[in-house]
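For clarity, every value in this text was computed on a predicted model and none was experimentally measured. Just the heavy atoms: all of them, side chains too, but no hydrogens, waters or symmetry mates, feed the values below. For ligands, and for the atoms within them, numbers begin at 1 and follow the listed sequence.
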Amino acid sequence: MARKGKAVVARELNKPVVVEEITFDPPARGEVVVKIGAVGVCHSDLSGTNGTIALPLPLILGHEAAGMVIEVGEGVTELAVGDHVLANWIYMCGTCHYCNIGRPVLCDQQGKALFTMFDGTSRTRDASGAPLNVFSGVGVMAEFAVVHERNLVKYDPRVPADRAALVGCAVTTGVGAVLNTAKVRPGTTCGVWGTGGVGLNVIQGCAIAGAARIIAIDTSEAKLEFARTFGATDVIKTGPGEDLTKQIKKLTGGGLDYAFECVGSGEVAAAAYKAIRRGGLAVVVGVAPATASTTLVTRSLPFEEKTLTGSYFGSARPREDFPRMLALYAEGKLKLDELITRRYTIDQAPQAFADLESGVNARGVIVL
Ligand SMILES: [Zn+2]
Ligand SMILES: [Zn+2]
């Protein structure tokens, strides 16, 4: 059946988001309707409103949500009404080369569900009947969402929805970069540039991995305070373009074992690489502008066996990693409660985006 409900829509670039009453059409083959319980407000959503992530507008935002399946379409095999699910913003086809070798975040087919359903059509219409695009093929910043089952992961509903939702993006991106991509070893020294939602999760990932020392680097004093809560042992307040290589090498007695770039800057990626010691690994997690580039001294690769690599969505296997993150939370090893600094109603979405832009929250969550 078709449903009416509220959704948070980006209508015009660089304008506040709008909360609209829209129509959700019934699910097509392989799709389900999810009643959303909570949705995180992620920096990527903001990027969708200002063109940094260029998706065609009008666009329903949201890609980090928890909810419950209330209707299933034809041919749905993995989910049933009543299942609790987390949105997974990467469509995983299950049959391509990358899905077959256990690297589903690199799925060859994901490009087909960037702002529409996988089949290129839409299940969402505004009051005039015009189709609305959906962020990452999910568009879960709404009362309901029609989502393909390959964009969903079942979870244990004993974890409250607002906390579980965060596993769908920020937590898995950050903790996954540490545990899956870098495979940080106990007793090592890590540096983390940028302590927003993802950076804080890189920091707690390093703590979970048993790093002996975790150095957080940011331009904001307030964010560095959050960093300490999540396990940073040292914090460095920096200014734009400041070269910290010497300071970090002195502080660590030779350099970092692991460096994580969570800012999205070609220069910061170069700085992170410079700050690692012989045999060190620098991981770029942040998404830099398309024009950014990174320069390094080529012979440092063989002479010092240094590595520069990237991590996309924490190199995750969402169907295994989402439950694994929630298990770490249940064991008291993963901080989710502390991540949520403010909860909003869906009508307060414009405020939630303003707060995200000004950086006052670790994470803001819209609770429905
Ligand atoms: Zn996100
Ligand atoms: Zn695939």
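Between Trp89 and Tyr312, the two ring planes are perpendicular [angle over 60°; tilted spans 30° to 60°].
Here His43 does not reach the Zn ion (ligand 1): none of its N/O/S atoms is less than 2.8 Å from the metal. For His97, every N, O or S atom stays at 2.8 Å or more from the Zn ion (ligand 2).
Rounded to 10°, the angle formed at the Zn ion (ligand 2) by SG of Cys93 and SG of Cys96 is 110°. With the Zn ion (ligand 1) as the vertex, atom SG of Cys42 and atom NE2 of His63 span an angle of 110° (nearest 10 degrees).
Cation-pi geometry between Lys4 and Phe24 is not met at under 6.0 angstrom from the ring centre and within 45 degrees of the axis.
For Gln247 and Lys250, the side-chain atoms include no donor-acceptor pair closer than 3.5 Å.
With Ser220 contributing its side chain and Lys223 its backbone, the two residues share a donor-acceptor pair below 3.5 Å.
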